[in-house]
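The structure appears below as structure tokens.
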There are 2 protein chains.
Amino acid sequence: MISKVLIIEDDAALRASVVQSLELDDLEPISTGNFTQARRPIRSNFKGVILSDIKMPDYDGFDVLRFVQSRDPDLPVILLTGYSDVPTAMKAMKEGAYDYLEKPCDPDRLVETLRRALDHRNLVLQNRSYREEIDARQKETGSGTFEEQMENHERQIIEYALILEDGKVNMAAKRLGIPRNTMYDRMTRLRVVAKAFRGVNDDGG
Amino acid sequence: MISKVLIIEDDAALRASVVQSLELDDLEPISTGNFTQARRPIRSNFKGVILSDIKMPDYDGFDVLRFVQSRDPDLPVILLTGYSDVPTAMKAMKEGAYDYLEKPCDPDRLVETLRRALDHRNLVLQNRSYREEIDARQKETGSGTFEEQMENHERQIIEYALILEDGKVNMAAKRLGIPRNTMYDRMTRLRVVAKAFRGVNDDGG
DNA sequence: GCAAAAAGTCCGAAATCCCGGACATTTCTC
DNA sequence: GAGAAATGTCCGGGATTTCGGACTTTTTGC
């Protein structure tokens, strides 16, 4: 499970206290004092979430939010607002912040919120990798000539059977449920050499 | 995106107000007054989240929480606690509640919290279906007789081409680099019906 | 080293597949 | 709604594949 939290907070004292809270709960704080310092790690595969103050000199929390969203719209940003500054918080949510916390915030609430965000991030990243895997397999079943695809698959089946049977053609044929002569025919056509598969697998024979 | 919220709250007035808040934000409240009424829809593929009061006669929020987790540990439960009842809230989180809200709660905060939970739920369900798909494909490769394996693969290639071409056989044949008559022959042999692949893919054509 | 079993090779007929061509039907285009 | 283009169906001969059987070579077991 991912656990990085990129902190953007100009008040050094508050930053230190946040870092401490996170470390006590086995999260991995990355402490920065302004947006410029924080930019580098913010990218689409960042394995963590962002915790940023809103009110800061130069770049504020909304700048951070916009930048993060340009890099990855599914990278959660939690913003720290001033006490009971509801309008700002509302605006932040509308602009896509994952959540917000009022300063000063309860450490437990902070950690709970971050854990939810990390959980979310984790699911998003997992989802992406699953999707990539599915796409990759789909690609495999959709590139090259029909004949090529069929032949590749045929070769794979035959070679796999040969590996399991230590390169013995007749045994491999029996395993695949086809007459041995047919097996030889196919191997000739595909130019598969049985000898090459002897001793490849340890439990062969 | 899923949007159901199963509400368990014995106070009818509060329940009505929650329902109203949710409907204003295009969520789908399912309103119930106690655990017994709520049990039925709670199952592992429930397309929504649970919002439950903690303090109720007979069964309380922790009973709900435990029951939900027995049905699906990844089904978010948001609990409503009394005002500033921090210890109970902490306990709920420890037992696996997704979040908690203090009564009376701000409608905006309520909706934000529920949306996060719904988002989470959505990702979990999506993740599961992806995983199922990957498992299914894995199973397909490497079992059955030779003929079965070849035929399955052949069918996959042909069906995928048909999907890409919106069920047009001639186009699919061209894509695969085989004469259209051969394509028909193969489809007849495999009992693949072209019509079944029309409109499956949005960019077909 | 001998017999038996398995592995590998060659042949040919039957079965199957490939694929062009002719034709019917549907869909598009103006 | 006529003509064109694409889709779908049917046929048949030539090419390929299948697969049993006969044979040779290699491996196995004693």
Side-chain angles (χ1 to χ4, degrees), chain A residues 135 137-205, chain B residues 136-205:
Chain A
D135 285 353
R137 293 199 187 214
Q138 197 116 36
K139 207 173 180 181
E140 193 179 329
T141 318
S143 65
T145 289
F146 180 85
E147 317 276 353
E148 281 167 8
Q149 290 185 54
M150 288 303 288
E151 229 177 52
N152 282 339
H153 193 235
E154 188 180 1
R155 180 174 284 108
Q156 273 187 13
I157 297 174
I158 285 179
E159 292 185 347
Y160 184 58
L162 282 170
I163 288 170
L164 291 182
E165 298 295 347
D166 196 41
K168 302 298 174 64
V169 179
N170 292 12
M171 287 299 167
K174 197 179 292 179
R175 169 182 288 270
L176 293 174
I178 55 179
R180 60 198 207 91
N181 284 356
T182 306
M183 183 78 172
Y184 280 107
D185 287 343
R186 288 175 178 276
M187 285 172 60
T188 306
R189 177 159 44 79
L190 298 173
R191 307 221 185 87
V192 173
V193 186
K195 292 176 194 171
F197 298 93
R198 284 198 286 225
V200 177
N201 193 18
D202 38 11
D203 66 74
Chain B
R137 295 203 185 206
Q138 197 115 38
K139 209 172 181 178
E140 204 164 323
T141 311
S143 63
T145 75
F146 180 85
E147 316 276 354
E148 281 167 8
Q149 288 185 55
M150 289 301 289
E151 224 173 62
N152 280 340
H153 192 235
E154 189 179 0
R155 180 175 284 108
Q156 271 190 13
I157 297 173
I158 285 180
E159 291 185 348
Y160 185 57
L162 281 170
I163 288 170
L164 292 182
E165 297 295 348
D166 196 41
K168 304 299 174 64
V169 178
N170 294 13
M171 287 298 164
K174 197 178 290 180
R175 170 182 287 270
L176 294 174
I178 56 178
R180 61 196 206 92
N181 283 358
T182 307
M183 183 77 173
Y184 281 107
D185 287 344
R186 288 174 178 278
M187 285 172 59
T188 305
R189 176 159 44 77
L190 298 174
R191 308 225 182 82
V192 173
V193 187
K195 292 175 193 170
F197 298 92
R198 282 199 286 228
V200 177
N201 192 17
D202 39 11
D203 64 75

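What you see is a predicted model, and the numbers here were worked out from it, not measured in a lab. Reminder, nothing fancy here: chain letters follow the sequence lines and each chain counts from 1. Heavy-atom basis, side chains included; hydrogens, waters and symmetry copies ignored.
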Is there a donor-acceptor pair under 3.5 Å between the side chain of B/E148 and the backbone N or O of B/T145?
yes

Kindly say whether A/I178 contributes a backbone atom to a donor-acceptor pair with the side chain of A/T182 at under 3.5 angstrom?
no

Within the structure provided, determine whether B/F197 and B/I158 are in side-chain contact (heavy-atom separation under 4.5 Å).
no

Report yes if some heavy atom in the side chain of A/R186 is under 4.5 Å from a heavy atom in the side chain of B/F146; otherwise report no.
yes

Between [atom1] of [X] and [atom2] of [Y], what distance do you get to the nearest 0.5 Å?
X	Y	atom1	atom2	value
B/I157	A/M150	CD1	CE	5.5 Å
A/M183	A/M187	CE	CE	5.5 Å
A/Q156	B/Q149	CD	CD	10.0 Å

Sugar-phosphate means primed atoms, P, OP1 and OP2; the rest is base. With that split, encode nucleotides 11-21 of chain D 5' to 3' as B, S or - using protein heavy atoms under 4.0 Å.
------SBBBB

What is the minimum heavy-atom distance between B/A194 and B/G167, and which atoms define it?
CB-O, 3.4 Å

Heavy-atom closest pair (B/L162 atom, B/V169 atom, distance to 0.1 Å) is CD2-CA, 4.1 Å

What is the separation between atom CD on B/E165 and atom C1' on D/dA6, rounded to the nearest whole Å?
13 Å

Terminal axes of the helix from C/dG1-D/dC30 to C/dC30-D/dG1 (five pairs each): angle between them, nearest 10 degrees:
60°

Under 4.0 Å between a side-chain nitrogen and a carboxylate oxygen: does that hold for B/E165 and B/K174?
no

Using chain A heavy atoms and a threshold of under 4.0 Å, write down where along DNA chain C the contacts begin and end, 5' to 3'.
C/dA7 to C/dC10

